[in-house]
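To start, the structure under review is shown below, and the notes come after it.
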Amino acid sequence: MNVTTSMLECLVAIADEQGLGNAARALGVSQPTVSSALKNLEAELGITLFHRTGNALVLTPEGAAVLPPARQAVLDHRVVERLIEGLREGRSGPMTLAVTVGVSYGLVMPDLALSFAASRPEARIDVVPITDPAEAIDALRAGTIETAIVLDADAPDDLESEWLFDQVLVLALPPALGHIESFEELVAAGPLRMATSARTVGGDEAFVALQSVHVQPVIVLSGIPLVALPGLVTGGVGAAVMTEPMSRSVVAAGGRALPLQPAMVARATLVYSAVYIPPLLASFLEQLHGDDVEAVRRSGPV
């Protein structure tokens, strides 16, 4: 049997992108290339992986059974590629650092990046913004990025994590309530219309804190993406709990940000996979651990 990783990549892409054309665009190749890879894979395996329903390609039962191990094989291959890249002649490729919504670039990068650059002046860090923390986590698991900075609530148990810093949580008020300067004034204004994200920053504790100062929250919109909160507050939909950096656009539009009482913070956390820690990431972690270098050498050569 002569099954190649490129064949498996095409299988995964077709299943994920729901078609040959979309899979080809996702892989950066031509549609005939994807079609040929699928035909060769089916010939090698001796089974049909997809059947056509209208304009869509649908996995057969055999295809559905093959997909999970095929996906894992593709991910493992990417990990090996990055490992070899880091070992070849002692050279390291650039490290990609994703910073997700709710985390302040100004707090993340200056001191940490400058000290890292001083220790490895030949290295390069590509910093990319990713709106959805789940997208960053998926990219980490797939091996397409090396590390990401997310809020602690978004850090999964199957990845390694390092605390970086805390960000103050505030109650962001819409411009119509921008004149309010204290929770006492807010309580006097009556029940408070609020919007919440799918994973509310601060969780239930934030609402307990509001109730402890006698604010009466009334949820009018829930389950929305975290990144949409500032725009909704600015647009007057309601108030929302968010990190102080996220609230700055609301304040600039005439709203108000009241720090929660008692004070609450959201932890900004560096997450990465322990399957293999490439040299650049190891150096990055050394800046966090100081002299405790061995703590970052848990797996793989560094």
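Values in this document were obtained by computation on a predicted structure and should not be read as measured data.
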Between [Y] and [X], is there a side-chain heavy-atom distance shorter than 4.5 Å?
X: L210; Y: M194; result: yes
X: P230; Y: V250; result: yes
X: L41; Y: L8; result: yes
X: R193; Y: P174; result: no
X: V233; Y: L173; result: no

Would you confirm whether [X], through its side chain, and [Y], through its main-chain N or O, come within 3.5 Å as a donor-acceptor pair?
X: E162; Y: L270; result: no
X: E44; Y: N2; result: yes
X: T60; Y: T48; result: yes
X: T269; Y: W163; result: no

Between [X] and [Y], what is the shortest heavy-atom contact and its length?
X: A148; Y: A136; value: CB-CB, 4.1 Å
X: M7; Y: N40; value: CE-CB, 3.8 Å
X: C10; Y: A37; value: SG-CB, 3.6 Å
X: H179; Y: E185; value: O-OE1, 3.9 Å
X: R141; Y: P156; value: NH2-CB, 3.5 Å
X: F207; Y: P217; value: CD2-CG, 4.1 Å

If you measure from [atom1] on [X] to [atom2] on [Y], what distance do you get to the nearest 0.5 Å?
X: S182; Y: R256; atom1: OG; atom2: CZ; result: 9.5 Å
X: I219; Y: T196; atom1: CD1; atom2: OG1; result: 5.0 Å
X: L171; Y: L260; atom1: CG; atom2: CG; result: 6.5 Å
X: L67; Y: Q72; atom1: CG; atom2: CD; result: 11.5 Å

*Have a look at L11 and tell me which of V34, V3, L49 forms a side chain to side chain contact (heavy atoms under 4.5 Å, CB included) with it.*
L49

_For V271, the option from T147, I149, V150 that meets side chain to side chain contact (heavy atoms under 4.5 Å, CB included)_ = V150

*asked:* Test: side chain to side chain donor-acceptor pair (under 3.5 Å). Region: residues 206-215. Which pairs qualify, not counting sequence neighbours?
replied: none

*Applying side chain to side chain donor-acceptor pair (under 3.5 Å), which residue pairs with at least one partner in residues 26-35 are found, sequence neighbours left out?*
S30-T33

*Evaluate side-chain contact (heavy atoms from CB on, under 4.5 Å) for T243 paired with L169, printing each intermediate quantity in order.*
CA-CA 5 Å; T243 63; L169 291 182; 4.0 Å; yes

Is it possible for you to say whether [X] and [Y] belong to one hydrophobic cluster, with membership spreading through side-chain heavy-atom contacts below 4.5 Å?
X: V237; Y: L229; value: yes
X: V168; Y: M242; value: yes
X: V215; Y: V208; value: no
X: V74; Y: L59; value: yes
X: I14; Y: I47; value: yes

Which residues pass the side-chain hydrogen bond (donor to acceptor under 3.5 Å, both in side chains) test with [X], sequence neighbours left out?
X: R71; answer: D16
X: E244; answer: R248
X: T234; answer: none

*Sorted by first residue and then second, give each salt bridge (charged side-chain N to carboxylate O under 4.0 Å, His left out) pair with at least one member in residues 271-284; sequence neighbours left out.*
none

